[in-house]
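Worksheet for the structure shown next.
No hydrogens, no waters, no symmetry mates; every other heavy atom, side chains included, goes into these values.
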Amino acid sequence: MSTRSSKSQSGLLQGTLDLLILQTVALGPVHGHAIAKSIESRSREMLQVGHGSLYPAIQRLIKDGLIAAEDGTSENNRKARFYRLTAKGQRRLFAETSRWERFSEAIGLILKPLT
């Protein structure tokens with residue numbers, strides 16, 4: 001995953017890829033290309049997820065039992081693999097979202113000007 005404003009990938013952003021995928025599939029069954037497009041769109045084009053990062057992350061999430069895959073047909077009437085969140089994935093999403101919110105708040109406090 002990379003940002004539009006940087007040429008190199010950020011370790012911090014790479015660490016959030018699983019969370020972004022979990023959040024995207026929590027909205028309903030979706031195929032891989034749509035996951036990447038959703039992340040790009042919802043981040044107002046700031047985050048780009050290449051297939052070289054996306055699909056290994058998806059496979060890792062499947063292996064960990066956080067998402068499940070089913071074959072189906074895309075909106076373009078093509079064969080596609082659709083991913084959905086499992087119960088274990090829902091628990092992980094909740095835990096990771098809470099952790100990310102606390103982390104974000106802490107960074108925000110540090111960035112706030114001292115008064």
Side-chain angles (χ1 to χ4, degrees):
M1 182 169 49
S2 63
T3 63
R4 287 241 185 231
S5 62
S6 70
K7 291 183 182 178
S8 64
Q9 292 185 354
S10 166
L12 178 61
L13 291 177
Q14 284 178 328
T16 65
L17 181 56
D18 289 1
L19 176 61
L20 297 176
I21 293 170
L22 292 174
Q23 178 59 43
T24 303
V25 300
L27 302 173
V30 62
H31 57 80
H33 181 71
I35 292 171
K37 288 298 178 191
S38 176
I39 291 170
E40 183 177 327
S41 172
R42 292 179 70 199
S43 70
R44 296 185 182 146
E45 316 300 319
M46 283 295 295
L47 302 176
Q48 303 285 308
V49 181
H51 289 208
S53 299
L54 178 66
Y55 288 102
I58 286 173
Q59 291 307 311
R60 185 175 55 252
L61 293 169
I62 290 171
K63 182 181 174 198
D64 292 345
L66 303 175
I67 62 175
E70 295 180 351
D71 291 331
T73 304
S74 73
E75 58 278 356
N76 297 334
N77 208 26
R78 294 183 176 190
K79 285 184 179 182
R81 180 157 279 194
F82 287 81
Y83 305 98
R84 65 174 175 74
L85 200 60
T86 64
K88 183 178 179 182
Q90 288 176 319
R91 291 188 299 274
R92 175 73 61 87
L93 176 59
F94 178 78
E96 291 298 318
T97 299
S98 297
R99 188 174 68 88
W100 180 254
E101 288 171 347
R102 289 189 310 273
F103 178 77
S104 259
E105 183 180 355
I107 295 296
L109 291 171
I110 293 167
L111 294 176
K112 191 183 220 181
L114 296 174
T115 56

- Which residue pairs pass the salt bridge (Lys or Arg N to Asp or Glu O under 4.0 Å) test with at least one member in residues 85-97, sequence neighbours excluded? Glu96-Arg99

- Heavy-atom count around Asn76 CG within 6.0 Å, excluding the residue itself: above 12? yes

- Query: Same cluster or not: are Trp100 and Leu111 linked, directly or through other Ile, Leu, Val, Met, Phe, Trp or Tyr residues, by side-chain heavy atoms under 4.5 angstrom apart?
  - Reply: yes

- Query: Please walk me through it: do Leu85 and Leu66 pass side chain to side chain contact (heavy atoms under 4.5 Å, CB included)?
  - Reply: CA-CA 6 Å; Leu85 200 60; Leu66 303 175; 5.6 Å; no

- Message: Please find the pair of heavy atoms, one from Leu93 and one from Ala26, that lie closest to each other, and give the distance.
- Response: CD2-CB, 3.7 Å

- What heavy-atom pair brings Ala57 and Ile21 nearest, and what distance separates the two atoms? CB-CD1, 3.6 Å

- Restricting to pairs with a member in residues 59-91, which pass ring pair (Phe, Tyr, Trp, His ring centres under 6.0 Å), not counting sequence neighbours? His31-Phe82

- Item | Between OG1 on residue Thr16 and CG on residue Leu22, distance to nearest 0.5 Å | 11.0 Å

- Sequence neighbours excluded, every pair satisfying ring pair (Phe, Tyr, Trp, His ring centres under 6.0 Å) that has a member inside residues 52-73: His51-Tyr55

- Message: Do Leu17 and Leu27 land in one hydrophobic cluster if side-chain heavy atoms of ILVMFWY residues count as linked below 4.5 Å?
- Response: no

- Message: When you measure from the side chain of Thr73 to the backbone of Lys79, do you find a donor-acceptor pair of N or O atoms at a distance under 3.5 Å?
- Response: no

- Note on the structure: So CG of Leu47 and CZ of Arg42: to nearest 0.5 Å the spacing works out to 11.5 Å

- Item | Pairing residues for Ser98 by the side chain to side chain contact (heavy atoms under 4.5 Å, CB included) criterion, not counting sequence neighbours | Phe94, Arg102

- Shortest non-hydrogen contact between Ala36 and Leu54, atoms and distance: CB-CD2, 4.0 Å

- Task: Working to the nearest 0.5 Å, report the span between CD of Glu45 and CD of Gln48.
- Result: 7.0 Å

- Query: Of all residues at least two apart in sequence or in a different chain, which pass the side chain to side chain contact (heavy atoms under 4.5 Å, CB included) check with Ser41?
  - Reply: none

- Among pairs that include at least one residue of residues 58-72, which meet salt bridge (Lys or Arg N to Asp or Glu O under 4.0 Å), considering only residues two or more places apart or in two chains? Asp18-Arg60, Glu70-Arg84, Asp71-Arg81

- Task: Identify the two heavy atoms, one from Ile35 and one from Thr24, that lie closest to each other, and give their separation to 0.1 Å.
- Result: CA-CG2, 4.0 Å

- Task: Determine whether more than 12 heavy atoms belonging to other residues, nucleotides or ligands lie under 6.0 Å from atom CD of Glu105.
- Result: no

